[in-house]
Engineer: 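Before we start, here is the structure in question, set down as structure tokens.
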Amino acid sequence: LSLLLSLAISVSGFAQENLSANVFTGLFFPFNDFTATDYEGYKPNLGVGAGIGYNFGNAFRLRGDLLYGSINGNNEVSYYQTNIFEPSLSGELNLLGLFNNDGGVKLNLQGGTGFSIYHGSLYDRTTGARLNESPPRSDKSVSTNAFVSYGANIGIPLSNHLELNLGYLN
């Protein structure tokens with residue numbers, strides 16, 4: 001399972017100098033076990049998440065995030081539905097924070113790792129009958145896959161303790 005989360009929008013609140021919390025949303029573009037070139041009906045789906053972070057100085061933040069989303073698509077014969085839960089741990093480097101400490105706009109690079117936990121089903125469009133599952137019920141109830149994430153965002157301060165981030169995460 002591979003997911004692309006892009007056009008991410010997040011809001012971070014800083015409870016004190018070092019501790020932060022964030023909520024975010026973004027678009028999933030599906031690439032999964034059932035996706036094939038004939039699934040013309042796939043579309044971006046909304047993912048939501050929340051996390052906490054700890055700032056080490058002005059330039060680096062360690063963050064843990066939980067993301068939930070659902071992806072789906074269809075062709076003339078069938079459609080699929082996949083639910084995803086992703087815990088992750090990542091580092092965020094503020095490139096502008098390396099050079100100054102004015103608390104203004106941030107340019108962040110982000111990288112980390114985590115697990116995708118998902119279950120997908122393939123259905124017949126006419127009857128609604130389940131055609132396939134990933135993973136099959138005989139194996140286990142969910143699949144887990146490790147992933148490496150990377151991306152960038154721009155942080156725009158809204159106040160001393162709140163900022164809006166716009167960016168891309170893969």
Side-chain angles (χ1 to χ4, degrees), residues 1-33 35 42-73 80-120 134-135 140-170:
L1 175 74
S2 173
L3 298 177
L4 176 66
L5 176 66
S6 70
L7 306 175
I9 299 172
S10 94
V11 176
S12 298
F14 299 92
Q16 56 165 312
E17 287 295 316
N18 296 331
L19 192 60
S20 64
N22 53 293
V23 293
F24 54 91
T25 187
L27 296 177
F28 277 132
F29 291 89
F31 300 101
N32 69 20
D33 297 347
T35 314
Y42 80 83
K43 60 186 180 297
N45 296 102
L46 189 64
V48 295
I52 58 172
Y54 190 84
N55 296 320
F56 295 91
N58 297 322
F60 184 75
R61 177 167 67 153
L62 183 64
R63 53 187 284 177
D65 294 312
L66 296 173
L67 173 71
Y68 175 78
S70 180
I71 55 176
N72 55 41
Y80 65 87
Q81 175 73 35
T82 304
N83 296 312
I84 301 134
F85 177 72
E86 290 184 350
S88 65
L89 183 65
S90 61
E92 192 172 73
L93 180 65
N94 175 6
L95 297 177
L96 300 178
L98 293 171
F99 304 108
N100 64 34
N101 186 18
D102 67 1
V105 174
K106 296 178 180 176
L107 178 59
N108 299 312
L109 295 179
Q110 185 176 340
T113 188
F115 284 94
S116 283
I117 302 166
Y118 70 95
H119 182 266
S134 176
K140 52 188 173 180
S141 59
V142 295
S143 282
T144 57
N145 292 317
F147 65 85
V148 174
S149 64
Y150 56 89
N153 66 58
I154 295 173
I156 303 164
L158 301 177
S159 74
N160 288 340
H161 295 286
L162 190 65
E163 93 183 16
L164 176 68
N165 298 332
L166 304 171
Y168 166 84
L169 181 63
N170 184 4

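Throughout, residue positions are numbered sequentially from 1 according to the sequence presented.
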Engineer: Does atom CD1 of I156 have more than 12 heavy-atom neighbours, drawn from other residues, nucleotides or ligands, at distances under 6.0 Å?
Structural biologist: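 Check passes, neighbour count above 12.
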
Engineer: Can you spot which of N153, L67, V48 makes a side-chain contact (heavy atoms from CB on, under 4.5 Å) with F24?
Structural biologist: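 Testing each of N153, L67, V48 against F24, the sole residue satisfying side-chain contact (heavy atoms from CB on, under 4.5 Å) is L67.
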
Engineer: Given T82 and N72, is the side chain to side chain contact (heavy atoms under 4.5 Å, CB included) satisfied, shown in steps?
Structural biologist: CA-CA 6 Å; T82 304; N72 55 41; over 6 Å; no

Engineer: Take Y150 and S90 through the side chain to side chain contact (heavy atoms under 4.5 Å, CB included) test and state the conclusion after the steps.
Structural biologist: CA-CA 9 Å; Y150 56 89; S90 61; over 6 Å; no

Engineer: Would Q110 and R63 satisfy side chain to side chain contact (heavy atoms under 4.5 Å, CB included), going step by step from the backbone distance to the final call?
Structural biologist: CA-CA 10 Å; Q110 185 176 340; R63 53 187 284 177; 3.9 Å; yes

Engineer: In terms of ring plane angle, is the pair Y54 and F56 parallel, tilted or perpendicular, where the classes change at 30° and 60°?
Structural biologist: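 Perpendicular.
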
Engineer: Has the side chain of T25 got a donor or acceptor atom that lies under 3.5 Å from a matching backbone atom of G47?
Structural biologist: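 Yes: the side chain of T25 pairs with the backbone of G47.
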
Engineer: Are any non-hydrogen side-chain atoms of L27 and N45 less than 4.5 angstrom apart?
Structural biologist: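 L27 vs N45: side chains apart.
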
Engineer: Before you tell me yes or no, could you show the steps for N108 and I154 under side chain to side chain contact (heavy atoms under 4.5 Å, CB included), namely the whole-Å CA-CA distance, both residues' side-chain angles and the distance that decides it to 0.1 Å?
Structural biologist: CA-CA 6 Å; N108 299 312; I154 295 173; over 6 Å; no

Engineer: Counting only heavy atoms not in Y68, do more than 12 fall under 6.0 Å of its OH?
Structural biologist: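 Result for OH/Y68: enclosed.
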
Engineer: Do any N or O atoms from the side chain of N94 and from the backbone of L96 form a donor-acceptor pair under 3.5 angstrom?
Structural biologist: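 The answer is yes, because a donor-acceptor pair under 3.5 Å joins these two groups.
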
Engineer: Please check if the side chain of T113 supplies one atom and the backbone of F147 the other of a donor-acceptor pair under 3.5 Å.
Structural biologist: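 Checked: pair present.
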
Engineer: Is any side-chain heavy atom of L109 closer than 4.5 Å to a side-chain heavy atom of L95?
Structural biologist: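 The answer is yes; the side chains approach within 4.5 Å.
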
Engineer: Once rounded to the nearest 0.5 Å, what's the spacing between atom CG of L62 and atom OG of S20?
Structural biologist: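 That separation rounds to 10.0 Å.
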
Engineer: Calculate, to the nearest 0.5 Å, the distance between atoms CZ and CG belonging to R61 and N55 respectively.
Structural biologist: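 Between atom CZ of R61 and atom CG of N55 there are 6.0 Å.
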
Engineer: Tell me yes or no: between the side chains of Q81 and S70, is some donor less than 3.5 Å from an acceptor?
Structural biologist: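 Side-chain D/A pair, Q81 to S70: present.
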
Engineer: So, taking the atom named CG in N83 and the one named CD1 in I117, what distance separates them when rounded to the nearest 0.5 Å?
Structural biologist: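 Atom-to-atom, N83:CG and I117:CD1 are 12.5 Å apart.
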
Engineer: Do N22 and D65 have side-chain N/O donor and acceptor atoms under 3.5 Å apart?
Structural biologist: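 Result is yes, a qualifying pair exists.
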
